[in-house]
Amino acid sequence: LSRDTGPLAHVMNLNFENEVGAHSGSGTNVNVGWKTKYRYQDYLDPGVEIFADFGKVIGPVAAGAKKYQMGPVFSGAVTKNVKYELGVLFGMSPAAPDARLKGMLTYGF
């Protein structure tokens, strides 16, 4: 889901994960990602990202498996076809890692 409000762009991703196959685990994981960025220039869009991993919500539920992370993210275009995204997400719950670096480089054709 996405929505623009003036110079701000908001994106939400809702994911359901379920393993399949002979050696798969049981249960369904659910996680949500939210990103809001300010459209400053083509080469730089500062923003903030929130990620919530609720763990298994259907099937056997592991206690304390919820992970919440939040932090600054910078994205933009290097050229017309090359885009980047860099950020760091800090753990906001005991089960989450203290910090996670995030980097993505994409090439469109």
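Everything numeric here is computed off the predicted structure, so don't read it as measured data.
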For the backbone of Y43 and the side chain of Y84, can you confirm whether one donor and one acceptor N or O come within less than 3.5 Å of each other? yes

If you compare all heavy atoms of F90 against all heavy atoms of G71, which two are closest, and at what distance to 0.1 Å? CD1-CA, 4.4 Å

Could you go step by step and tell me if E49 and K37 meet the salt bridge (charged side-chain N to carboxylate O under 4.0 Å, His left out) rule? CA-CA 8 Å; E49 185 168 307; K37 66 181 180 178; over 6 Å; no

Would you call K102 and E85 a side-chain contact if the rule is heavy atoms closer than 4.5 Å? yes

Examine M12 and Y68 and state if one hydrophobic cluster contains both, with Ile, Leu, Val, Met, Phe, Trp and Tyr joined whenever side-chain heavy atoms are less than 4.5 Å apart. yes

Taking C-beta and beyond as the side chain, do L44 and F74 meet within less than 4.5 Å on heavy atoms? yes

Any side-chain heavy-atom pair of L86 and L101 under 4.5 Å: no

If I take atom CG from residue L89 and atom CG from residue D98, how far apart are they, to the nearest 0.5 angstrom? 13.0 Å

Looking at every heavy atom in both G33 and F51, which two are closest together, and how far apart are they? CA-CD1, 4.2 Å

For G91 and Q69, the nearest pair of non-hydrogen atoms, with its separation, is CA-CG, 4.2 Å

Is any side-chain heavy atom of K35 less than 4.5 Å from a side-chain heavy atom of V48? no

Are the side chains of V30 and N15 in contact, using a 4.5 Å heavy-atom criterion? no

Which distance, rounded to the nearest 0.5 Å, do you find between the CG of D42 and the NZ of K83? 9.0 Å

Do D4 and R39 have side chains that approach each other closer than 4.5 Å (heavy atoms only, starting at C-beta)? yes

Check whether any side-chain heavy atom of F16 sits under 4.5 Å from a side-chain heavy atom of L14, and report yes or no. yes

Indicate, with yes or no, if V32 and M70 share a hydrophobic cluster defined by side-chain heavy-atom contacts under 4.5 Å among Ile, Leu, Val, Met, Phe, Trp and Tyr. yes

For the residue pair P72 and V88, establish whether any side-chain heavy-atom pair is separated by less than 4.5 Å. yes

Contact summary for G55 and D53, nearest pair of heavy atoms: N-OD1, 3.0 Å

If hydrophobic clusters are built by linking Ile, Leu, Val, Met, Phe, Trp and Tyr wherever their side-chain heavy atoms come under 4.5 Å apart, do V82 and V73 end up in the same one? no

State whether the number of non-hydrogen atoms from other residues, nucleotides or ligands found under 6.0 Å of N13 atom CG is greater than 12. yes

Do Y38 and V11 belong together in a cluster built from hydrophobic side chains that touch within less than 4.5 Å? no

Using the six-membered ring wherever Trp is involved, compare the ring planes of H10 and W34 and label them parallel, tilted or perpendicular (cut-offs 30° and 60°). tilted

